[in-house]
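Working notes, structure below.
No experiment lies behind these values; they were computed from the predicted model shown.
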Amino acid sequence: MMPIMTAAILVVGAAAGAVLVKLLQSGRQSQELRRLQEAYNQLDQQAKLIIRTDFDLHRIQEELDRRLAFLMALQRLGRQLQVSLHPAEVYSKLDAESVTNFGFTKGLLGLCGSSESVAWHSVIGVTPEAAQQLTRCLTGSAFLKQLLTHPAPLLLKTDGVGEPLERQLLDLLGVPVAVMAGVIPQAGPAGCLLLGRDLGGSVAAQADEELVAILTNQLASAVENSALYEEPWLAKQELERKVRQRTYELAEANAQLLQLNKAKSDFVSAVSHELRTPLAAVKGYASLLGSGQFGALEKPQKDRLAKIEKHVDALTQLINNLLDIARIESGRVTMERAPIAVEEFFATVQDLVRPQLEAKRLRYTPDLDGVTTLTGDPQHLQRVFLNLLSNAIKYTPKDGEIRVQLRKDGACVLATVSDTGCGIAAEHVPKLFQEFFRVSDPANQQVQGTGLGLALVKRIVEAHHGQIAVTSEPGNGSTFSVRLPLA
């Protein structure tokens, strides 16, 4: 556009000059000459104005093109920054294409661990040696601290440099114009940005500062987002690491416990087998002596032999319980899955505990609620209810009551054994099914026991894929609930 307009103006000027010459040659009047001179001067001023306006428009167009390229490059850089998972990655995203589109030829972007250190993560158009010298120059002066405390960009120009340090920075960058700014996020590490241009050109200094301010704000936002993401991500990674470590430790501990439990079961089984033989011999000899085959016995002697047999029976029962628990834990006992006639089953159980019930004048109330069949191993389930009833009888005072109730509960049968005994404190309930555990209560200490009965009951119920629970309150008795699947 400008060359065409200039040519037109020159043609008009040449024509006007020719007319002027002709007027002079022809000797026309001086008034006409002045009029033409004034018109020529006005035309010349208008031509100069048009030329200046054209240059201004051209400069404005260049600035608009530069800003458009900057914004497009900023958008491209923003997409790259969105995928930065760690704050340090943000400082490595500046590349040569972005620097060029921003209107510069050289650039450095680094992470500042403090106001006295900077590590360049992006270096474009600058040699490693020059980058190191720039680092020493910035950290050895107050320049870096100024950048990190004052967010406004700092413009350096060769024709406007007043301090030797600024000139040194320009010399190290090898450019006449440079812009420096700090990246100051609210979360995450701060940084430093240097951009330089080989030619000053007609670009306004204010435009450089505005564009660099936009760039540093976007970098700061990206660092903040990465830091906010990294914090929970690192916490999650640490938590997962601890979970894996704890899982491994628990697996190791569990394996050791399984080995120890197996060793314990094997030891109990071996010792129990070894004890059964001498106990059988003691009981046999006691029976022979009591029968009078080796001579008549006095009453005190018979009483002592009866006590020997009683304690031998208790020891034999203890050994049998230990053996049964060890066998069930090791899987050497297979529970039979057979239908059991409920009425006949509980009649047998009642007959077995009848002497104990009558000795303490206890009322026994069965309530089968129409349940006719159980599914399981008759022998082992009989031991379950015998143990539960025996415990209820032991801890229920004379003239008390024991109730056995059955009812269907979905695909299961729920059997409860309730008593009106002394009850159990809440803190002892979770330990009831542990081996050898006995409640440290004066009322309970008067009752003899080994602490294996309920442990055996729990093993048998769980071997039937059932559950056992207890509810109790001191002074108000206890209720043991056994849930057994029908199928």
Side-chain angles (χ1 to χ4, degrees), residues 314 317-318 321 324-325 328 342 345-346 349-350 352-371 374 376 380-485:
Q317 182 63 36
L318 171 64
N321 287 340
D324 289 337
I325 291 173
I328 293 172
V342 167
F345 175 81
F346 281 98
V349 172
Q350 183 179 353
L352 292 172
V353 298
R354 191 184 304 278
Q356 302 174 53
L357 292 169
E358 292 177 350
K360 298 184 71 173
R361 300 192 302 274
L362 300 177
R363 294 187 304 278
Y364 175 80
T365 306
D367 181 9
L368 304 183
D369 194 24
V371 179
L374 286 175
H380 285 93
L381 287 182
Q382 186 181 92
R383 298 183 68 180
V384 168
F385 289 100
L386 278 175
N387 268 292
L388 294 178
L389 285 171
S390 296
N391 271 354
I393 293 169
K394 288 179 183 178
Y395 296 104
T396 302
K398 290 183 178 181
D399 300 319
E401 182 181 7
I402 294 174
R403 295 176 59 87
V404 176
Q405 292 180 302
L406 269 69
R407 65 180 176 87
K408 285 189 178 180
D409 185 14
C412 298
V413 171
L414 181 63
T416 59
V417 177
S418 305
D419 61 59
T420 57
C422 57
I424 306 165
E427 63 268 20
H428 298 313
V429 170
K431 304 177 183 178
L432 281 180
F433 300 102
Q434 295 179 5
E435 297 171 14
F436 302 108
F437 174 77
R438 299 202 67 208
V439 177
S440 57
D441 184 271
N444 293 328
Q445 295 300 324
Q446 296 176 3
V447 180
Q448 293 184 352
T450 62
L452 288 176
L454 290 178
L456 178 61
V457 166
K458 186 174 186 294
R459 302 300 193 284
I460 294 174
V461 171
E462 290 178 347
H464 281 79
H465 306 289
Q467 298 92 34
I468 184 169
V470 59
T471 57
S472 184
E473 186 178 346
N476 291 325
S478 305
T479 298
F480 286 83
S481 303
V482 177
R483 187 182 301 275
L484 296 170

| query | Which atom pair, heavy atoms only, marks the closest approach of Thr420 to Pro397? | reply | O-CD, 3.9 Å

| query | Are the side chain of Arg459 and the backbone N or O of Ala455 linked by a donor-acceptor pair below 3.5 Å? | reply | yes

| remark: OG of Ser472 to CG of Leu432, rounded to nearest 0.5 Å, is 8.0 Å

| task | Apply side-chain hydrogen bond (donor to acceptor under 3.5 Å, both in side chains) to Thr396 and list each qualifying residue two or more places apart in sequence or on a separate chain. | result | none

| request: In sequence, state the C-alpha distance, the side-chain angles, and the governing distance for Val457 and Phe480, and then conclude on side-chain contact (heavy atoms from CB on, under 4.5 Å). | output: CA-CA 11 Å; Val457 166; Phe480 286 83; over 6 Å; no

| query | Going through the checks in order, is the side-chain contact (heavy atoms from CB on, under 4.5 Å) test met by Leu352 and Leu389? | reply | CA-CA 10 Å; Leu352 292 172; Leu389 285 171; over 6 Å; no

| request: Sorted by first residue and then second, give each salt bridge (Lys or Arg N to Asp or Glu O under 4.0 Å) pair with at least one member in residues 400-412; sequence neighbours left out. | output: Arg363-Glu401, Glu401-Arg403, Asp409-Arg483

| request: Apply side-chain contact (heavy atoms from CB on, under 4.5 Å) to Thr471 and list each qualifying residue two or more places apart in sequence or on a separate chain. | output: Thr479

| Taking all atoms of both residues into account, what is the closest heavy-atom pair of Val461 and Ile468, and its distance? | CG1-N, 4.1 Å

| field | Residue list, ring-ring contact (aromatic ring centres under 6.0 Å, His included) with Phe433, at least two apart or on another chain | value | none

| message | I need the Phe346 CZ to Asp367 CG distance, nearest 0.5 Å. | response | 11.0 Å

| message | Glu462: which residues meet the side-chain hydrogen bond (donor to acceptor under 3.5 Å, both in side chains) condition with it, sequence neighbours left out? | response | Lys458

| said: Go through it in stages, so that I can follow the logic: the residues are Val413 and Val482, the test is side-chain contact (heavy atoms from CB on, under 4.5 Å), and I'd like the CA-CA distance, side-chain angles, deciding distance and then a yes or no. | reply: CA-CA 8 Å; Val413 171; Val482 177; over 6 Å; no

| request: To the nearest 0.5 Å, tell me how far Glu358 CD sits from Gln356 CD. | output: 11.0 Å

| query | Considering residues at least two apart in sequence or located in another chain, which fulfil the side-chain contact (heavy atoms from CB on, under 4.5 Å) criterion with Ala425? | reply | Glu427, His428, Pro474

| request: List the atom of His464, the atom of Leu484, and the distance in Å for their closest heavy-atom pair. | output: CB-CD2, 4.1 Å

| Smallest separation among heavy atoms of Leu362 and Asp399, with atom names | CD2-N, 4.0 Å

| remark: Value for CD1 (Ile460) from CG (Asn387), rounded to nearest 0.5 Å, stands at 7.5 Å

| query | Could you give the distance from CG (Leu357) to CD1 (Ile402), rounded to the nearest 0.5 Å? | reply | 5.5 Å

| message | Under the salt bridge (Lys or Arg N to Asp or Glu O under 4.0 Å) definition, can you give me all pairs with a residue in residues 465-482, not counting sequence neighbours? | response | none

| What distance do Lys394 atom NZ and Cys422 atom SG have between them, rounded to the nearest 0.5 Å? | 12.5 Å

| query | What do the steps show when you test Leu386 against Val353 for side-chain contact (heavy atoms from CB on, under 4.5 Å), and what is the final call? | reply | CA-CA 7 Å; Leu386 278 175; Val353 298; 3.7 Å; yes

| How close do Val342 and Leu374 get, heavy atom to heavy atom, and via which atoms? | CG2-N, 3.7 Å

| remark: Residues Val404 and Val417: closest non-hydrogen pair is CG2-CG2, 4.4 Å

| field | side-chain contact (heavy atoms from CB on, under 4.5 Å) involving Val429 - partner list, sequence neighbours excluded | value | Ile424, Val470

| Are any non-hydrogen side-chain atoms of Gln405 and Asp369 less than 4.5 angstrom apart? | no

